[in-house]
There are 2 protein chains.
Amino acid sequence: MDTRRKKTLSQPASGGQRPALSRSSRGDDRPDAPAGGRGLSKRAEPDVRRQSLIEATARVLARDGATGASVRPIAVEAGVSPGLINHYFAGIEALIAATYSSVGDQVSHALAAAVAAAGDDARARLTAYVTASFAPPIADRALLATWIAFWSLTGKPQIAERHDAIYARYREDLEALLADCGIAQTELRLTAIAITALVDGLWLELCLSPDSFTADEARGLAERQLGSALSCREGRDCPQEPADEERSADA
Amino acid sequence: MDTRRKKTLSQPASGGQRPALSRSSRGDDRPDAPAGGRGLSKRAEPDVRRQSLIEATARVLARDGATGASVRPIAVEAGVSPGLINHYFAGIEALIAATYSSVGDQVSHALAAAVAAAGDDARARLTAYVTASFAPPIADRALLATWIAFWSLTGKPQIAERHDAIYARYREDLEALLADCGIAQTELRLTAIAITALVDGLWLELCLSPDSFTADEARGLAERQLGSALSCREGRDCPQEPADEERSADA
DNA sequence: AACCTTATTATACGATCGTCCAACAAGCAA
DNA sequence: TTGCTTGTTGGACGATCGTATAATAAGGTT
């Protein structure tokens, strides 16, 4: 419902508002916007309106990045007036936080779809999961701009909380796929962290400067890392992390 | 050349901000404000002034991130008036681009120092290079905030250019260390890309949400990746990237 | 001295930021 | 119809943004 009412510090500054002008120009010149697309200023179901604001925010973030995500451009994109945003969200920051969760879910679903399309073989599903980051819609400069905007706000607890949830879910899904491939329980967590980091780093640089390597090369490197992780399961010769006490020689 | 003048450059212009004294009536109220701690901003050598502005920008970026890096806070941090920034730089964007190069150099030097401290053994130097990212001054939230601010501006060619140069240099240094460890020439480029991506991803997540894993774990994972890369050099059984034709079975 | 160059300040300007608010409008209950 | 609730609008407000510019200060040259 309201979710508002801060009645904060600033007094209305005494003097009454300007009587303002009549809105006579409105309400008779246009019957209303037809369905579909923008310009819907009809009354909407609260959940529908909330979602349309979130989606508009995602589009603006993708197009203009963090600096462009301000109230008025988002309102224009959603086809509503600026004031409506503060009616549905406690502030622009809350709207962006909600958008983080929404975009995070979309990414998660895109990865799940890639896994589902890979069939039943555990190894193929794992490969599909990690290499999906190097193809559309994940490997996209606009998505990176969106993501960077979220990162730039992780100073605020509200956003950091969602970041942790999204990444925890990503690693959780990855751990499940790794377990299906026979990775030992004790290795699951760190293996998932390493693969996540590699994929994240490759995805980041692939979007930031696409000339330094190709998406195919990124796929190959991720695949190699998977092979290395899986070879440990078969008792092969694989490099082990040195024990903590052995690691002091390099300082 | 009184001695008081010399230290004013590095002075953050703390307290005595402007005693009201607005200069609306120029030249009659007060010719100068000589005494007191307010001696900031004498004339400086152009290069010195430029550098002090760059350093002030780096401090503001580290403290407040991308959204805080605007003309007036930077000017306050540098202890000069806002207008001076446009005297030395073509705009705020040019100042931030220059700061990107400067911070990139500092990071590069910090990594080089870690390598130099590791001694003469090639393997130890390589380890020092990659694990330095997980210790101060690299593994630092403020540095991440700075870096994210740069990333958020890579849409502008001026910044993207700097990003490419900085990352190319990072990979170049890494390739040299890998070559010293005997990595084959044909594998150098992709190996460096993979290690850079892993380190970047670990560094990013370590700074963003430090609770998901520890710096020691990050070091161990990077070390394991190095071991995997180096084991190939000895003709051991190491996972290979599958050929491009073999990768289409998952649809 | 007078003159010139330029570093530096302080402010002005228009644009845009987030938030708040009073008036309008749409739906629903009586 | 009349009333009531609430989604929605368009703008006001103060703060801050980047840039531009006239006035002043400082150093160097002749």
Side-chain angles (χ1 to χ4, degrees), chain A residues 1-28 30 32 40-50 52-53 67-76 78-96, chain B residues 1-2 5 8-9 13 17-34 38-50 52-53 67-76 78-96:
Chain A
M1 288 288 167
D2 59 343
T3 74
R4 292 274 17 262
R5 282 302 74 91
K6 279 199 199 158
K7 81 186 40 177
T8 71
L9 44 158
S10 74
Q11 202 59 0
S14 69
Q17 295 293 108
R18 290 275 163 217
L21 0 168
S22 66
R23 211 152 290 101
S24 57
S25 69
R26 176 163 182 62
D28 61 345
R30 93 175 38 229
D32 221 342
L40 56 120
S41 35
K42 268 294 193 182
R43 197 172 252 233
E45 285 298 314
D47 287 344
V48 174
R49 181 67 84 192
R50 267 183 75 93
S52 85
L53 290 174
T67 63
S70 44
V71 170
R72 287 167 184 80
I74 291 174
V76 169
V80 299
S81 87
L84 196 59
I85 288 180
N86 269 326
H87 181 74
Y88 282 100
F89 295 92
I92 182 69
E93 185 183 320
L95 172 56
I96 293 179
Chain B
M1 307 279 186
D2 52 298
R5 170 186 315 165
T8 55
L9 275 182
Q17 186 59 324
R18 218 62 202 98
L21 177 60
S22 80
R23 319 182 58 185
S24 53
S25 58
R26 291 187 163 89
D28 66 336
D29 54 354
R30 215 158 157 180
D32 202 356
R38 157 127 179 86
L40 58 91
S41 292
K42 286 287 190 177
R43 196 177 257 238
E45 286 297 315
D47 288 344
V48 174
R49 180 66 82 193
R50 266 183 76 92
S52 84
L53 289 174
T67 63
S70 46
V71 171
R72 285 166 186 80
I74 291 174
V76 168
V80 300
S81 86
L84 196 60
I85 287 179
N86 270 325
H87 181 71
Y88 281 100
F89 295 92
I92 183 67
E93 184 183 321
L95 172 56
I96 293 180

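- Checking D:dG18, D:dG7, C:dT6 against every side-chain atom of B:His87, the shortest atom distance belongs to C:dT6.
- Here A:Ser70 reaches the OP1 or OP2 of C:dC17: one of its side-chain N or O atoms lies under 4.0 Å away.
- Rounding to whole angstrom units, CD1 of residue B:Ile85 and P of C:dT9 are separated by 11 Å.
- Distance check: B:Leu53 CG to B:Ile74 CD1 gives 8.5 Å after rounding to the nearest 0.5 Å.
- Between A:Tyr88 atom OH and C:dC20 atom C1' there is a gap of 18 Å when expressed in whole angstrom units.
- Note that the CD1 atom of A:Ile96 and the CZ atom of A:Phe89 stand 11.0 Å from one another [nearest 0.5 Å].
- Closest non-hydrogen pair, A:Tyr88 versus A:Arg50, comes out as O-NH1, 3.1 Å.
- The shortest non-hydrogen separation linking B:Ala94 to B:Ala90 is CB-N, 4.0 Å.
- Rounded to whole Å, atom C1' of C:dA23 lies 15 Å from atom CG of A:Leu84.
- Picking from C:dT8, D:dC17, C:dC17 the nucleotide with the shortest atom distance to the side chain of A:Pro73 gives C:dC17.
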Filtered N/O pairs between nucleotides 19-21 of chain D and protein, under 3.5 Å:
from, atom 1, to, atom 2, distance (Å)
D:dT19, OP2, B:Ile92, N, 3.1

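- The shortest heavy-atom contact between B:Ala78 and B:Ser52 is CB-O, 4.4 Å.
- Atom-to-atom, CZ of A:Arg50 to C1' of D:dT8 comes out at 17 Å; the value is rounded to the nearest Å.
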